Novice: 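My structure is below; once you've seen it, I'll send some questions.
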Amino acid sequence: MKVKIERTALIAGLQMVQNVVSLRSTLPILYNVLIRADKDSLFLTTTDLDMSVRCQVKAEVEKAGATTLPARRLFNIVRELGDSHVELKLEDNNSTSVSCGSSFFKIMGMADEDFPPMPEAGDSAAYRLEQAAFKEMLRKTHYAASTEETRYILNGVLLSFREGKLTMVATDGRRLALVEQEIEFPKEAEADMVLPSKAVNELLHTLGGEGELSIRAEKNRAMFEYNNVAMSTKLIEGSYPNYRQVIPPECEERIAVDRESLLLALRRVSLVTTDKSNATKLTFAKNKLVVTTTTPDVGEARESVPIKYSGKQIAVAFNPEYVMDPLKNLSNDELYFELTDDLSPGVVKCDMPFLYVLMPIRIT
Amino acid sequence: MPIRILSAHVANKIAAGEVVERPASVVKELVENALDAGATRIEVEIVAGGRKLVAVSDNGCGMARDDVLLAIERQATSKIGDVDDIERIRTLGFRGEALPSIASVSRFRMVSSAAADGAGTELRVSGGTVQDVREIGAPQGTRVEVRDLFFNVPARRKFLRTYQTELSHIRMGFMALALSHPRIAMSLSSDGRNVWQLPGGELTDRLRDLFGAEFANRLRPVSFRNGVALSGYAGVPAAARADRSEQFFFINGRAAQAPAIGFALKEAYRGLMPADRYAPVFLFLETDPEQVDVNVHPAKREVRFRQPGPVRDAVIQGIRQALGHPVALGLPSASGPADDPLRNPAASSRPPQPRLTIENLPSARAFSYPANALWTKPASPVVPGESAAPPVSAADVPVAPADGPAAETEAGAPWAWCRVVGQIGDLYVILEIEDGYVVMDPHAAHERVQFERFMNSFLEGKIQTQGLLMPETVALSPKDALLVRRHLSLLRDMGFGMAEFGGDTFVVDALPACFSGASVKDLLGELAGHLEQAGARGGKGRWREEAVAQAACKSAVKARDSLSREEIERLVVDLARTEMPYTCPHGRPTLIHTSFKELHRKFARG
């Protein structure tokens, strides 16, 4: 293998794939990036066995071939190099020379045959949608996923392709975020899949603002293709709980709140809580929302946010993190709180197909 | 075969089998006699692990010629007169068995003088037969020499262990006697070498002489009185070891075991350390002699209490109190003997001066801790004297330490400052503290923090309950279901939204907010298990609540791999605020401390 490649393109490619590289693994080859030169491209692939990412970068290929090199080391070297072009040349004994201007490196690698092959998608149907829209949907739901290992089915985001739309849901059993988007796909392609959180974060990290995304799903894997990247991930197997039944059919009061001012108020009052889960009380009174926290031995804080409201007064306590999460990840100026009383679930909505349900905290 | 009355000689040999088991029992019997004789100085000499020679000399009251002869008769004693005296035994011996038994299985020589004028009696007995009695010049007191033990009982001799084993038994027995009578000067020599030379003094001195100053630093004074008087010292959990060789009980001055005390000790340390570890304890129990039956075992090793209840309570509460003591538990400071906490408990409650403070550290890696209200109570040290004078009365009055103001320092946390060095093995956290380093298990630490936080909010009646979006149903085994059902109202009070769902199934729709991360299924299983264990133990006060809290902590604290520096600091601060930072609620240790002193020693830096 012998290739010449633009340094910035190589950096960008390595950046795309290096998040997947294990920090701890018993298999040494998983620390490496697979480099394959073919035709006019260099293909960089990394995997942690659950998930694989491959990035294609334009290059002048003098001689096709493949090898693996330590991903982090290679990235750190290339980042520091001075010239605009880098030459990679496979020498004997799995070592590769990296030359760039006046710099020369020789890096020990491992044989490419030992690298776990990336599963290729079959000829299953592909869902096609805008990258930006998909990324936005992930951003509005992913934070509600559970991190609790025993409830593995909730450790990811549900992608439900049904009735002409994609519904994305994440929940940890205390709150639930849901977002919908209409897309086109044939009726027989209706399917549900649960995307693990690691894959979700990787997509959030690498999805671009423009272009199309194609998703192919098989029994327990999904393949995402966008720009010059292909990502294959295992899916979480099992049946996702029936999320429809936790959404309250209707609430008694609907209150419009300015997102930014409520978020700032919550941030400030949570400065006196020692424990993240310490309840924050929201009191919706006439034209005024009062946010209070009290922590024994620390102190208390109170903020008031102007609202337009003339219904009955409702005081309800929530875990402040649960309220702030959607506020941080939405971009609408105005949100709507739908509440009934201090024991019933609260709902946050906005002017788009988004819904967030959260359970209150009871203080005895 | 006709039945015959055994001759006195045979009877003595049989009794010897019970009283004199091995050389250590000879030492014990002879030293106890010396103590009963009012000696202030007792010397013990051993040759060849006691097989060749056990000699005990004292400066006690001694015996006149007639008494010397009578002493080796069976059931001859000066210690009790009539049967009622058995109920009120204050002396160590009373059965009148020891000397004749010993004399019947050895070459025995006794020299005793009751008068200060130097006139004494020498008695020689061999295998129970008197060989010689004659006048001899001797200082006041008694010297007993026991040579060639079991020379005429080959069966016994065969069962004697190596010299080293026998010597270690002798040392253990001697240690118990020395501890029970700290005011008596005692010495032990083996094969002409001095093993211990103990001047008479306070118990604190004796503990240090026997075990060393470092060990003494890990003890906390115990003082409790509820009908029985308990005093002495209890070791911090960190000082625990895998056997009971450092557990000593003295009941009315007599080293003894009692089933009730063993139970109580286990209970007192329950939750502070694993069940198979034993903390050192030196407990002196003073009670009405009529309440103790010492006449259970010929060697008086085990006693029974007529009312074990108060004894049990005294041990549990006394130790619990002692461990809540405002001294830097388990983390001995690198102090010299000058500020030995046993002599001056206030000295060690003063935190060592930090060598680095926040100001002169470059980063915020080091931080000091808030004072803990519970630990800043002034010390009320006890100075246990010997058994004859129960020291407990002195304990009710807090002893003002010499440097008064230091007693009420902001001691608080287990260390005055610490620096987070990092995490190893993606698990253990290493902290540098003022006199060494500490390895912390973050899971155990987190459990302890959660446990106390939850119990406190429960006791304050401020439980926060996080509702669940999707109520979960859990089917339990019939046994577990029964336990959960029985405690359902308690669980509801503690913030678990739980109801029966028919059969052995329960539905959970809310959890205490601090455990909202817990898996409901695991939680219910843990709850049943903990309630069952706690129930079987029985107990007082809040055992049910504690069982629930322990179970909840266990299932809520999940094994997170790496922690950020901020998370570690948060945890360290939280842990330092807890009442019992040294163990998780299940008794596993949270911290392991190693002092620079220890490191210096290991690196041979002198």
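What you see below is based on every heavy atom in this structure, not just the backbone, and it leaves out hydrogens, waters and symmetry mates. A quick note: this is a predicted structure, and the numbers were derived from the prediction, not measured. Sequence lines set the chain letters: A, B, ... in the order given, protein chains first and strands last, and positions in each chain run from 1.
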Novice: Can you tell which part of A/T171 gets under 4.5 Å to a heavy atom of chain B, answering side chain, backbone, both or neither?
Specialist: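 Side chain only.
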Novice: Can you tell me if A/R162 has over 12 outside heavy atoms packed within less than 6.0 Å of its CZ?
Specialist: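 Yes, because the 6.0 Å sphere around CZ of A/R162 holds more than 12 heavy atoms from other groups.
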Novice: B/Q466 side chain to A/I361 main-chain N or O, any donor-acceptor pair under 3.5 Å?
Specialist: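 Looks like no, no N/O pair under 3.5 Å.
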Novice: Under 6.0 Å from the NZ atom of A/K312, do we count more than 12 heavy atoms belonging to anything else shown?
Specialist: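 Yes.
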Novice: A quick test of your reading: do over 12 heavy atoms of other residues, nucleotides or ligands sit less than 6.0 Å from CZ of A/R73?
Specialist: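 Not buried by this count: 12 neighbours or fewer within 6.0 Å.
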Novice: Are any of the side-chain heavy atoms of A/R174 and B/L511 separated by less than 4.5 Å?
Specialist: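 Yes, side chains in contact.
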Novice: Can you tell me how far apart CG (B/L468) and CE (A/M359) are? Round to the nearest 0.5 Å.
Specialist: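 Interatomic distance, B/L468 CG to A/M359 CE, rounded to 0.5 Å: 7.0 Å.
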